[in-house]
Amino acid sequence: MPEDTPKIDYVEMSKTGTTAEILDVTNQVRDAKSEATAQENAAYEFPDTYSAQMGLKQGHVTELRMFFNVKPGHAEALKEELLKFQVSEERNAKAVHLMTGIQSMTGTFFDNDRQYLHCAEFDTEWDPYIDDSVPTDKQRLIYANWIQHLEEGKDFGPDNLPTANDIKVFFNGARRTAHIYIRTFGDTVIEEYKMRDLKAAFDKVLDHPDAANALSHPALAPLLELAAD
Amino acid sequence: MTTEATENPCAYDPEKYVPNMGLRDGRVNEIRSFFHVKPGHEKAIREQVVEFSNMPGRRTLRVNQKVGAHTQVLTLFDNDTRFLFGVDFDTDWDPYIEDSVGLAGIERYWLWWQHLEEFGAYSLDNMPSMEEAKFLMNVSRATAIVHVNAFPHLTVADKAKQDELWNAFQKVVNDPEGAKALQENPALAPLLDLAAD
């Protein structure tokens with residue numbers, strides 16, 4: 001990434017304030033880096049077998065299932081790195097959720113720890129999902145730390161960080177599109193955060209001594225009905 | 001599927017049943033069951049899971065709220081020799097599977113179970129009981145090492161209420177009288193702030 005690409009610190013961005021304020025910041029960051037990202041993507045030599053269109057979609061949400069082979073003797077080390085990945089600030093900061101649209105992630109070992117299944121659901125498109133997941137070396141290192149324990153990871157690791165495009169190719173090679181995908185709610189993460197903010201605001205209104213009077217206006221009937229629940 | 005020694009891990013044994021598998025994040029639990037597709041049954045299982053998933057009501061909020069199902073993903077892998085059953089749900093395992101199988105009927109699940117080696121001891125005339133089915137789903141299950149959800153404390157029922165509130169709020173802000181009413185009482189300030197976003 002060129003030196004003038006903006007620094008991206010998701011943890012700091014998440015401290016900005018409200019959902020709307022964080023979204024403003026994430027949109028500015030995405031706009032600022034879009035040209036550099038587009039150039040990088042255009043210059044990368046993707047293999048002929050690469051497809052950005054894998055995964056079934058429900059509403060706005062796409063599923064991702066990847067089946068890997070664990071390097072012999074590496075299962076325990078891989079588990080340790082995944083546990084660190086799960087709790088990392090870079091994975092859980094609100095700005096990451098808003099930027100990448102990551103809805104869920106699950107990692108499961110099977111066949112006596114010889115294979116590893118990595119699942120995720122996200123509501124952006126594939127390219128921005130990966131580009132925004134690993135925008136700097138900080139995030140790429142977190143990924144490299146667990147990828148290095150997979151046979152498909154080749155020689156990627158802390159001393160040979162994969163780029164975002166390397167990760168796209170690596171992930172797609174192990175990916176299988178689901179045959180059936182059913183999701184009860186297909187909202188985006190952004191929409192869900194707004195809904196959560198709305199609930200918190202509505203609860204504040206209901207706690208106000210003048211709530212009943214305030215909600216009695218005929219135009220607010222849809223909200224008054226829910227207040228009764 | 002190879003069978004080690006003389007013990008068949010898929011032979012029903014209630015003593016070996018473990019109901020508490022799955023890694024929970026907040027209120028959301030996960031199941032990932034890994035099956036082997038019977039040789040020659042690859043095309044049939046592809047067709048039958050589609051029929052299974054298209055069961056009337058299967059994709060409705062009413063059914064998903066009853067069983068607490070957030071997502072269900074069915075995937076063939078390893079050149080269609082393996083089948084992954086993956087669900088995220090917010091009830092406990094026993095009520096989840098009892099409600100799911102109970103609502104659909106064992107015959108409906110048999111559509112795809114019949115193509116799996118793990119269900120090889122059973123047939124159309126000798127389908128597994130609920131207890132046997134729960135056992136087989138769990139024998140093939142592996143508990144996740146990591147499980148993270150963006151909103152782990154919301155059940156399907158909570159999300160449905162959230163949706164209702166959202167839709168009600170949109171009605172209000174899209175009504176000129178509603179937008180005006182939000183400005184008229186200071187008690188409504190928290191909602192007015194959001195309407196501005």
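Note on naming: letters A, B, ... go to the chains in the order of the sequence lines (proteins, then strands), and numbering restarts at 1 for each one.
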If you count heavy-atom pairs within less than 4.5 Å of chain B, which of [options] leads?
options: A:R176, A:M195, A:K79; answer: A:M195
options: A:N213, A:T19, A:L223; answer: A:L223
options: A:E192, A:K204, A:R183, A:H97; answer: A:E192
options: A:Q103, A:K94, A:Q115, A:Q58; answer: A:Q103
options: A:K194, A:Q86, A:E63; answer: A:Q86
options: A:M105, A:R91, A:H208; answer: A:M105

Please look at [X] and chain A and tell me whether the side chain, the backbone, both or neither of the residue comes under 4.5 angstrom of a heavy atom of that chain.
X: B:K159; value: both
X: B:V50; value: both
X: B:L165; value: both
X: B:A189; value: neither

Using non-hydrogen atoms and a 4.5 Å limit, figure out which bit of [X] sits close to chain B: side chain, backbone, both or neither.
X: A:L220; value: both
X: A:L56; value: neither
X: A:Y193; value: both
X: A:H179; value: both
X: A:T177; value: backbone
X: A:D207; value: neither

**Message:** If only side-chain N and O atoms count, and only distance matters, is there a donor-acceptor pair under 3.5 Å linking A:D132 with A:Y10?
**Reply:**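 No - no donor-acceptor pair under 3.5 Å links their side chains.
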Less than 4.5 Å apart, side chain to side chain, heavy atoms only: is that true for [X] and [Y]?
X: A:Q28; Y: A:D31; answer: no
X: A:F156; Y: A:Y143; answer: no
X: A:D113; Y: A:V70; answer: no
X: B:D175; Y: B:V172; answer: no
X: B:D92; Y: B:R24; answer: yes
X: A:V61; Y: A:Y181; answer: yes
X: A:L161; Y: A:L141; answer: yes
X: A:D111; Y: B:F34; answer: no

Shortest non-hydrogen separation from [X] to [Y] and the atoms involved:
X: A:L215; Y: A:L206; answer: CD1-CD2, 3.8 Å
X: A:P135; Y: A:S133; answer: CD-C, 3.4 Å
X: A:V205; Y: B:A187; answer: CG2-O, 3.4 Å
X: B:L76; Y: B:I45; answer: CD2-CG2, 4.0 Å

Under a 4.5 Å heavy-atom cutoff, which of [options] has the most pairs with chain A?
options: B:R46, B:E30, B:H70, B:E184; result: B:R46
options: B:F169, B:F52, B:W166, B:F151; result: B:F151
options: B:D78, B:D163, B:D25; result: B:D163
options: B:L191, B:V73, B:N149; result: B:V73
options: B:E177, B:R32, B:Q65; result: B:R32
options: B:I145, B:V28, B:N64, B:V87; result: B:I145

**Prompt:** Side chain of A:H217, backbone of B:A181: donor and acceptor closer than 3.5 Å?
**Reply:**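 Not confirmed, A:H217 side chain does not pair with B:A181 backbone.
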**Prompt:** Which pairs count as side chain to side chain donor-acceptor pair (under 3.5 Å) when at least one residue sits in residues 101-116 of chain B, sequence neighbours excluded?
**Reply:**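 Of all non-adjacent pairs touching residues 101-116 of chain B, those that pass side chain to side chain donor-acceptor pair (under 3.5 Å) are B:H41-B:H115.
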**Request:** Using the ring-ring contact (aromatic ring centres under 6.0 Å, His included) rule, collect all pairs that involve residues 50-82 of chain A, keeping only residues at least two apart or in two chains.
**Result:**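 Checked against ring-ring contact (aromatic ring centres under 6.0 Å, His included) - neighbours excluded - the pairs reaching residues 50-82 of chain A are A:F46-A:Y50, A:F67-B:F77, A:F68-A:F170, A:H74-A:H149.
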**Asked** Using non-hydrogen atoms and a limit below 4.5 Å, what part of residues 126-144 of chain B faces chain A?
**Response**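 Expected list: B:A142, B:T143, B:A144.
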**Request:** Just jot down the side-chain contact (heavy atoms from CB on, under 4.5 Å) partners of A:T124, sequence neighbours excluded, or say none.
**Result:**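 Partners of A:T124 under the side-chain contact (heavy atoms from CB on, under 4.5 Å) test: A:F122, A:Y129.
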